[in-house]
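Beneath this line is the structure, given in structure tokens, with notes to follow.
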Amino acid sequence: MSKFLSQKFENLAPYVPGEQPQDMQYVKLNTNECPFPPSSYVADAVASFEANKLRLYPDPENAALCNSLAKYYGVESENVFVGNGSDEVLAFIFMGFFDKEKEVCYPDVSYGFYPVFCDLYGLKKNEIALKDDFSINVNAFIASDKAIVIANPNAPTGIALSAFDIEKIVKSNPNSLVVVDEAYIDFGGESVVKLVKTYRNLIVVQTLSKSRALAGARLGVAIADAELIKDIKAMKFSFNSYNVNRLTESVAIAAVEDNDYFENCRKEIIKNREWTTGELKSLGFEVLPSCANFVFAKHNTVGGETVYKELKRRGILVRHFSKAKISDFVRITIGSAEQMQKLILEIKNLLSNVK
Ligand SMILES: *Cc1c(COP(=O)(O)O)cnc(C)c1O
């Protein structure tokens, strides 16, 4: 730390992203990326993109993209905000809506960025313990009168709440903002996007990083009541008016247009997830019921860190979290059928060696 870093950030522990080895020698199942390429519409958009346009700033409203997303979600474009990945969208939300006086509640096992944003903005954290089966304790969020952030499906457990339960939380907290992070919703959960027309205290956040295979393009979305969207825009225009670049805007529009490809990809991931879950169970793993493009699994004798290290040695990257409550688990991204077969093969090898 230099002597110039502000004192208020002295103890800031930044978010640690999953490993991103740049030499591509691993079967990469550690950061929930899509194993398939983006839609061919995206490749076409890149190929026909005029480099000369990069001379000009992008549309600060990203109107074309917001219109196409509004159509996709069945809302108006005044209900849509886009950001440089949903991480940025979440950053604007934490910055703009949460106050020092009011605690921010989220599950104690959830997306690692929530506590980081709280620390960054000096907010009070209230981490609500998951139930023994690793599902979210819905009752603890009902009428809590605190700011609420819930990933649905939750990460890294993969367990989803029903839209009915989310609605109970939103409805019972009319004076608190409820943020539902639907990064993994396309893999089996039930979106609450349609509820933004009814509730003025709900923001749904989604991303094109996972189910649309655009993690490298960085495009996140918020869907909410128009007043809330205006407020998020005020944050953006006070921070970076051109947060979504021209190339990203054009590939995002292309990705959203190709619904057939999107449907095929997510069905394939769901199929591979069910196959992988069955195989892991037969090898002695407990696998939490996942509605996401990953599974969270714990072996009955071999610890999570050992599984992680032994797989890495064998060329497969998965994610391990050292937090005590979940340190027996590994989070495994669902890849192609071939990648999953390799995973299961290497897990069989490591189990026979470690035992
Ligand atoms: C991956 C992820 C994000 C971030 O997605 P980006 O759009 O790539 O920034 C947000 N929330 C959760 C729960 C995630 O897993």
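As the structure is a computational prediction, the values presented were derived from the model and not from experiment. Order of appearance sets the numbers: ligands from 1, and atoms from 1 within every ligand. We count residues from 1, following the sequence as given. Side-chain atoms are counted along with the backbone in the values below, which use heavy atoms only and exclude waters and symmetry mates.
At least one side-chain heavy atom of Lys281 sits less than 4.5 Å from a side-chain heavy atom of Thr277. Contact of the Ile93 side chain with the Val205 side chain is registered, since non-hydrogen atoms from C-beta on lie closer than 4.5 Å. For the pair Asn152/Ile136, no side-chain contact is recorded, criterion being any heavy-atom separation below 4.5 Å from C-beta on.
Side chains of Glu338 and Ser336: no donor on one and acceptor on the other come within 3.5 Å.
For a threshold of 3.5 Å applied to N or O pairs, the pair formed by Asp181 and ligand 1 contains at least one separation below that value. Looking at Ser209 next to ligand 1, an N or O pair under 3.5 Å apart turns up.
A salt bridge does not link Glu101 with Lys124: every distance from a Lys NZ or Arg NE/NH1/NH2 to an Asp or Glu carboxylate oxygen is 4.0 Å or more.
Close approach of ligand 1 to Asp87 (heavy-atom distance below 4.0 Å) involves ligand atoms 3 (C), 4 (C), 9 (O), 10 (C). Near Arg218, the atoms of ligand 1 lying under 4.0 angstrom from a non-hydrogen atom of the residue are 6 (P), 8 (O), 9 (O). In summary, the atoms of ligand 1 found under 4.0 Å from a heavy atom of Gly85, numbered by their order in the structure, are 7 (O), 9 (O).
Cation-pi geometry between Arg273 and Tyr184 is not met at under 6.0 angstrom from the ring centre and within 45 degrees of the axis.
The shortest contact between atom 2 (C) of ligand 1 and any protein heavy atom is with Lys210 NZ, 2.3 Å. Nearest to atom 5 (O) of ligand 1 among the protein's heavy atoms is Ser86 OG, 3.0 Å.
Residue nearest to atom 15 (O) of ligand 1, selected from Phe294, Tyr114, Tyr184: Tyr184 (by heavy-atom distance).
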